[in-house]
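Take a look at the structure below.
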Amino acid sequence: MSKAPVRVAVTGAAGQIGYSLLFRIASGEMLGKDQPVILQLLDLPQAQKAVKGVMMELEDCAFPLLAGMIATDDPNVAFKDAQVALLVGARPRGPGMERKDLLTENAKIFTVQGAAIGQYAAPDCKVLVVGNPCNTNAYIAMKTAEKYGRVPAKNFTGMLRLDHNRALSQLAAKSGRAVSSLKSLVVWGNHSPTMYADYRFVTSNGDAVKSLINDEAWNRDVFLPTVGKRGAAIIEARGLSSAASAANAAIDHIRDWVLGSNGEWVTMGVPSDGSYGIPEGIIYGFPVTTENGEYKIIQGLDIDAFSRERMTNTLNELLEEREGVKDLLG
Ligand SMILES: NC(=O)c1ccc[n+]([C@@H]2O[C@H](COP(=O)([O-])OP(=O)(O)OC[C@H]3O[C@@H](n4cnc5c(N)ncnc54)[C@H](O)[C@@H]3O)[C@@H](O)[C@H]2O)c1
Ligand SMILES: O=C(O)C[C@H](O)C(=O)O
């Protein structure tokens, strides 16, 4: 018997990430090749015509798993009974801006959407915030939804997977090993240049990749800045922020969360439970494994002085961002 469709809400459906994302969700790449989906598409009133155009193209693909679609400019409708919510819609940064420059502009979107999720989404809805600054936006949505006591705080996550994937590619190129052979990478903290891509535990076919590379200066002076500033480098080159790679990371994040990571570590921005001294509730990139729709933070990793300094630096930025939005959360 075929499975019941899963309702997937996607905001910013008319945007460039939306255009890379929706077709892959409808083709089964996110929730599985046997899982029908209903797409619930949210965008602003002025973008509804463009959303209709995207829906026409989705129809024209005749995806067997696409069991239905709606378009709306009303968050309460878009999130109704959603079991997965991808919060993409927000203004992207342009050249010369940092992601946190978007904070005041985008933050309000996430109070409204957090309230809609808190009231109308399925109680086990899994939420991924992509719109920047995504950690703090996820925090805002989580805190707003919390007031309704339905969707648990642990279900609100931010996207560090693009940073994780970027770091994997850089490590593969430097070590000469296949990307698929690399295990146990972590990206700690904020999706911003302060993030800490920690390659100390990475192995490839049983070999320690740090020893293979054997170049601490490369780690500090090339690897960390390249991964941290990759978003800006793409904006500089494309004139637009990353889209297909961001959509790909969103698919990876939700797929692993729902279908499991088979014991592999993946990076998710999740509300801290106090692990590694990160204050509870801060949405911070942690290494996790996922199973049966739940994630678990990897415990007991050794944090050396260099790593602690980096982890504290990115935490301090998140604390500052939290301070910047406290009035919104009342
Ligand atoms: N976390 C990450 O790794 C990552 C990666 C890439 C981009 N991003 C962020 O994702 C966001 C979207 O990027 P994009 O390139 O698709 O931008 P875009 O400008 O192409 O599209 C954004 C879409 O969101 C819509 N929108 C704006 N406000 C909305 C609201 N309140 N409700 C619903 N829809 C709304 C817009 O109308 C537009 O259609 C940006 O904030 C960008 O910085 C994050
Ligand atoms: O950098 C940006 O502003 C977009 C996105 O967050 C990225 O990392 O590519």
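Indexing begins at 1, ligand by ligand and atom by atom, following the structure's order. Keep in mind that what you see is a predicted model, and the values were worked out from it rather than measured.
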Would you please say whether a donor-acceptor pair under 3.5 Å links the side chains of Arg7 and Gln83?
->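 Distance-only check fails for Arg7 and Gln83.
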Any chance the side chains of Glu264 and Thr289 put a donor and an acceptor closer than 3.5 Å?
->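 No - no donor-acceptor pair under 3.5 Å links their side chains.
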Proximity flag Ala243 to ligand 1, non-hydrogen atoms under 4.0 Å =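 No; Ala243 lies far enough from ligand 1 that no heavy-atom distance drops under 4.0 Å.
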Has Gln113 got any heavy atom lying under 4.0 angstrom from an atom of ligand 1?
->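 Gln113 counts as a contact of ligand 1 under the 4.0 Å cut-off.
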Check [X] against ligand 1 and report side chain, backbone, both or neither, counting heavy atoms closer than 4.0 Å.
X      : answer
Ser241 : side chain
Pro92  : both
Val130 : both
Met159 : both

Please name the residue in the list Arg200, Lys210, Arg310 that meets the salt bridge (charged side-chain N to carboxylate O under 4.0 Å, His left out) test with Asp304.
->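 Single pass found, and it is Arg200.
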Could you check whether [X] pairs with [Y] (Lys NZ or Arg NE/NH1/NH2 to Asp/Glu carboxylate O, under 4.0 Å)?
X      : Y      : answer
Asp273 : Lys154 : no
Asp101 : Arg93  : no
Arg177 : Asp207 : yes

May I ask whether Ile235 has any heavy atom positioned less than 4.0 angstrom from an atom of ligand 2?
->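 Flag set, Ile235 near ligand 2.
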Would you say Asn132 touches ligand 2, if touching means a heavy atom closer than 4.0 Å?
->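 Heavy atoms of Asn132 do come under 4.0 Å of ligand 2.
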Is it the case that ligand 1 has an N or O less than 3.5 angstrom from some N or O of [X]?
X      : value
Asp43  : yes
Leu102 : no
Ser242 : no
Ile17  : yes
Asn132 : yes

List the steps and the verdict of salt bridge (Lys or Arg N to Asp or Glu O under 4.0 Å) for Arg255 and Glu29.
-> CA-CA 8 Å; Arg255 183 201 58 223; Glu29 286 180 58; over 6 Å; no
Close-contact set for ligand 2 against His191 heavy atoms, below 4.0 Å |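 This gives 5 (C), 6 (O), 7 (C), 8 (O) as the contact atoms.
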Can you sort out which atoms of ligand 2 are near Ser241, meaning under 4.0 Å from one of its heavy atoms?
->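 Near Ser241, meaning under 4.0 Å from one of its heavy atoms, ligand 2 has 4 (C).
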Looking at [atom], what's its closest protein heavy atom, distance included?
atom                    : answer
atom 11 (C) of ligand 1 : Val88 O, 3.2 Å
atom 15 (O) of ligand 1 : Gln16 NE2, 2.8 Å
atom 23 (C) of ligand 1 : Gly12 CA, 3.6 Å

Give yes if a backbone or side-chain nitrogen or oxygen of Arg93 is under 3.5 Å from a nitrogen or oxygen of ligand 2, and no if not.
->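 Yes; the residue has a nitrogen or oxygen that sits under 3.5 Å from a nitrogen or oxygen of the ligand.
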Ligand 2 N/O within reach of Arg99 N/O, cut-off under 3.5 Å |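 So ligand 2 has an N or O lying under 3.5 Å from an N or O of Arg99.
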Identity of the nearest option to atom 24 (O) of ligand 1, non-hydrogen atoms only, from Ala50, Gly89, Ala47 |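 Residue with the shortest heavy-atom distance to the ligand atom: Gly89.
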How far does [atom1] of [X] sit from [atom2] of [Y], to the nearest 0.5 angstrom?
X      : Y      : atom1 : atom2 : result
Arg150 : Asp124 : CZ    : CG    : 10.0 Å
Ser175 : Gln170 : OG    : CD    : 11.0 Å
Tyr276 : Ser307 : OH    : OG    : 11.0 Å

Proximity to ligand 2 by part of Arg166, non-hydrogen separation under 4.0 Å =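 It is the side chain that touches ligand 2; the backbone stays farther off.
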Using a 4.0 Å heavy-atom threshold (strictly under), name the region of Asp163 that reaches ligand 2: side chain, backbone, both or neither.
->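 No part of Asp163 comes within reach of ligand 2.
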Apply the side-chain contact (heavy atoms from CB on, under 4.5 Å) test between Val186 and each candidate in Tyr196, Trp265, Phe286; give the one that qualifies.
->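 Going through the options one by one, the only one that passes is Trp265.
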Residue of the set Arg99, Glu321, Glu317, Lys229 for which side chain to side chain donor-acceptor pair (under 3.5 Å) holds with Ser192 =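 When Arg99, Glu321, Glu317, Lys229 are each tested with Ser192, the side chain to side chain donor-acceptor pair (under 3.5 Å) holds only for Glu317.
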Heavy-atom closest pair, residues Leu171 and Leu182 |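 Heavy atoms only, the tightest pair is CB-CD1, 3.9 Å.
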